[in-house]
Number of protein chains: 2
Amino acid sequence: MTEDSRSSEERMPTIRDIADLAGVATSTVSRALSNPQRVNARTREKIERIAAELHYVPSSQARGLSSGRTGVIAVLVPDITNPFYFDIIRGTQYQLKASGYTQLLVDTEEATDVELDTLRKLRRSTDGVILAASRLTDDQLTDTASRQPLVTINRATADAPTVLIDTPGAMVQALEHLASFGHKSVVYAGGPTSSWSNHRRWKAIEEAAAKRGMSATRLGPYAPTAFSGAAAADGVLSTRATSIIAFNDLLAIGMLQRFRERGVRVPEDLSIVGCDDIFGADFCNPPLTTISSPIEQAGRVAVSMLMAQLDPIRGGTPRKLAVMPTHLKVRASTGPARV
Amino acid sequence: MTEDSRSSEERMPTIRDIADLAGVATSTVSRALSNPQRVNARTREKIERIAAELHYVPSSQARGLSSGRTGVIAVLVPDITNPFYFDIIRGTQYQLKASGYTQLLVDTEEATDVELDTLRKLRRSTDGVILAASRLTDDQLTDTASRQPLVTINRATADAPTVLIDTPGAMVQALEHLASFGHKSVVYAGGPTSSWSNHRRWKAIEEAAAKRGMSATRLGPYAPTAFSGAAAADGVLSTRATSIIAFNDLLAIGMLQRFRERGVRVPEDLSIVGCDDIFGADFCNPPLTTISSPIEQAGRVAVSMLMAQLDPIRGGTPRKLAVMPTHLKVRASTGPARV
DNA sequence: AACAGCGTGGCAAGCGATTGCCACGAGTTG
DNA sequence: CAACTCGTGGCAATCGCTTGCCACGCTGTT
């Protein structure tokens with residue numbers, strides 16, 4: 001009666017059980033299962049058959065302890081609720097599964113210290129890390145990269161392979177698009193200060209605007225959420241700009257809502273361009289002109305770069321950099337400048 | 001020169017290192033760190049200090065191997081890209097972190113066999129599972145629940161604690177809302193056949209419609225994605241119904257887009273009610289009247305029910321059922337029936 | 001004075017796999 | 001026919017931590 005009545009207490013089978021049934025040593029079972037060519041075909045088949053019958057599942061814990069490999073890759077994102085990362089997560093999840101790894105998803109809450117702390121804790125329990133839109137400083141990143149296999153997304157550094165989404169490139173397109181509509185001024189509704197992409201985007205806009213004789217102003221920083229779109233919208237209204245480029249779609253969508261509340265018509269009164277082409281950008285009102293890119297693919301590429309790093313022989317020469325193409329997706333939130 | 005030049009090879013500290021430095025046995029270190037009251041305060045402080053200096057991080061692998069507990073809870077969702085689950089995931093993530101557990105997120109791809117398979121594999125490596133919108137049959141669920149601590153979300157069963165979102169209750173509200181607008185007929189754009197909620201929702205609608213003398217028709221099944229909203233929309237147009245309740249918002253939003261394409265005006269020609277109040281339901285065009293509930297809270301409650309199950313003493317009497325309230329959120333996609 | 005009880009800490013046996021090393025036998029070679 | 005190689009499988013140490021059991025010394029009791 002001392003037994004837990006809830007879960008049946010049948011012990012899970014171990015390689016030992018298989019070994020006994022097959023009349024071999026546990027080492028043979030271990031090899032048969034994880035190093036098949038090291039064992040005679042007949043022996044292996046027998047072991048595999050018994051393992052299947054027993055519904056044997058190897059203990060990743062034990063395996064990890066003795067082999068040092070855990071089969072787990074951590075994916076760190078600043079904010080799990082930002083749809084932009086959904087696509088990345090989906091990409092990594094897909095590719096990791098295909099590579100036989102388990103994905104551990106962690107939300108770093110846009111906080112450098114959480115990120116750093118998590119990274120330290122994860123060193124033990126994961127084989128590698130994919131860091132999306134890291135908020136770390138260069139030094140922190142260098143240090144981290146020297147301690148554990150790492151791939152970053154949208155955060156270049158000399159010390160770790162990186163997948164870059166070429167948003168700055170598309171910013172130029174966006175600006176041309178606005179210019180062709182007769183816009184002479186643009187304001188950039190900026191994202192978090194600690195965001196590396198944020199700086200890159202602004203630089204690209206500033207430069208391209210200068211080249212075209214447009215005036216460019218930066219506002220912010222704003223939290224990259226729909227909620228803070230209200231503040232951004234109000235901020236923009238106090239300028240005389242006729243067009244906006246937002247740090248990301250979330251912010252842009254929030255601005256759209258705010259403009260609607262305040263009776264500002266988009267695109268008649270104001271044109272607005274988002275960034276990322278997230279879920280929702282196509283069906284908001286008006287549908288958002290935005291910068292689109294194969295984000296899911298970025299996740300998959302990041303995984304394959306990490307795999308190459310973990311297994312340099314099979315993975316070939318690890319690429320240090322991959323750049324995902326972007327393009328401007330013109331929808332209904334941009335139009336001719338008001339006169 | 002045989003060393004891996006990438007990651008610095010300094011071995012991670014173990015309790016052994018701490019024990020040596022502190023001049024005690026490893027068992028004492030172990031206790032000091034994970035069973036503090038079992039050890040003298042002074043000894044403990046000393047050990048904690050050394051541990052901190054060394055940046056000691058316990059190996060979850062080793063800990064799991066010897067203790068049987070892994071500190072990992074798996075959260076299984078049918079489709080990671082469905083925003084509905086984002087909120088659940090956010091809730092579980094938050095609460096799990098607060099309880100000192102790690103969340104392992106798994107996408108079961110809406111497939112029963114993937115779900116079952118994953119569940120088996122996970123038995124070894126997790127302390128418990130939260131199953132959102134499980135596609136399992138009753139028998140499979142019973143069997144699973146007997147083998148591992150489990151909490152389901154939106155899938156009632158006698159054998160495992162459940163968090164239910166009272167969508168059926170709100171269906172009645174939705175129907176009343178439509179009736180008050182003069183609608184005499186409603187069609188339900190159904191979700192996956194294997195979805196338990198789908199059946200519940202339809203039953204609720206059917207019953208409530210009969211009570212009000214409205215005609216109710218079921219269409220589908222449709223995949224719960226915006227993409228298949230087109231098919232659903234076309235299906236609805238071939239009926240003479242004036243109002244629609246969709247299985248979920250994703251489907252409803254997809255229908256909205258299709259109607260727009262086909263020149264059907266919402267809500268003038270057709271009223272439509274969604275379900276879940278996901279991200280986007282408030283800013284689509286027109287904003288969607290939908291059934292709203294504290295989804296994130298559902299995730300948190302699920303975790304606390306699981307915690308109670310894992311530690312019956314501290315957790316108190318495990319609740320077997322929690323029902324999250326729902327309400328109809330009226331926006332602009334519903335209006336008077338056309339005459 | 002003898003003893004029970006309690007607070008602490010050490011010993012050592014696992015947990016379930018992996019893996020370096022060795023042994024054995026069969027086939028190959030000179 | 002001796003010497004080797006090669007394929008195959010076993011032995012046993014090991015990974016880092018937990019935990020049951022025991023021992024020691026101190027306090028309080030009878």
Open item on the list: Looking only at the side chains, is there a donor atom on one of B:Thr92 and B:Gln103 sitting less than 3.5 Å from an acceptor on the other?
Closed with: yes
Open item on the list: I'd like to check the salt bridge (Lys or Arg N to Asp or Glu O under 4.0 Å) partners of A:Asp159; sequence neighbours left out, ordered by chain and number.
Closed with: none
Task: Residue-level proximity of residues 60-72 of chain B to DNA chain C when a heavy atom falls under 4.0 Å - done: B:Leu65, B:Ser66
- [ ] State whether the side chain of A:Arg124 and the backbone N or O of B:Val57 hold a donor-acceptor pair below 3.5 Å, judged by distance alone.
- [x] yes
Task: Proximity to DNA chain C (any heavy atom under 4.0 Å), residues of residues 16-32 of chain A only - done: A:Ser27, A:Ser30, A:Arg31
- [ ] Walking along DNA chain D from 5' to 3', note the first and the last nucleotide with an atom under 4.0 Å from a heavy atom of chain B, and give both.
- [x] D:dG16 to D:dC21
Open item on the list: Suppose we screen for side chain to side chain contact (heavy atoms under 4.5 Å, CB included). Which residues come up paired with A:Asp87, at least two apart in sequence or across chains?
Closed with: A:Arg90, A:Ile295
Open item on the list: Main chain of A:Arg123, side chain of A:Thr126: is a donor-acceptor contact present, judged purely on distance under 3.5 Å?
Closed with: no
Open item on the list: Going by side-chain hydrogen bond (donor to acceptor under 3.5 Å, both in side chains), name the pairs with one or both residues in residues 68-79 of chain B, residues two or more places apart or in two chains.
Closed with: B:Thr70-B:Asp127, B:Asp79-B:Thr81
Open item on the list: Donor-acceptor pair, distance only, cut-off 3.5 Å: does the side chain of B:Thr118 make one with the backbone of B:Val114?
Closed with: yes
Task: Terminal axis angle for the helix from C:dA1-D:dT30 to C:dG30-D:dC1, five pairs an end, nearest 10 degrees - done: 50°
- [ ] Would you mind reporting whether A:Ile80 and A:Leu105 have side-chain heavy atoms less than 4.5 Å apart?
- [x] yes
Open item on the list: Test: salt bridge (Lys or Arg N to Asp or Glu O under 4.0 Å). Region: residues 30-52 of chain B. Which pairs qualify, not counting sequence neighbours?
Closed with: B:Arg49-B:Glu53
Task: Check: B:Ser67 side chain, B:Arg63 main-chain N or O, donor-acceptor pair, under 3.5 Å - done: yes
Task: Residues from residues 38-57 of chain B lying under 4.0 Å of DNA chain C - heavy atoms - done: B:Arg38, B:Val39, B:Asn40, B:Thr43
TODO: Enumerate the residue pairs fulfilling salt bridge (Lys or Arg N to Asp or Glu O under 4.0 Å) with a member in residues 101-112 of chain A, sequence neighbours excluded, ordered by first and then second residue.
DONE: A:Glu109-B:Lys97, A:Glu110-A:Arg135
- [ ] Using distance alone, with no hydrogens and no angle criterion, decide if B:Gln140 and B:Asp138 have a side-chain donor and acceptor under 3.5 Å apart.
- [x] no
Donor-acceptor pairs under 3.5 Å, side chain of residues 20-28 of chain B to any protein atom, not counting sequence neighbours: which ones?
none

TODO: Mind checking side chain to side chain contact (heavy atoms under 4.5 Å, CB included) for A:Ala160 and listing every partner two or more places apart, or none if nothing turns up?
DONE: A:Ala145, A:Leu150, A:Thr157
Open item on the list: For a quick check under 3.5 Å, do A:Ser134 and A:Glu115 share a side-chain donor-acceptor pair by atom type?
Closed with: yes
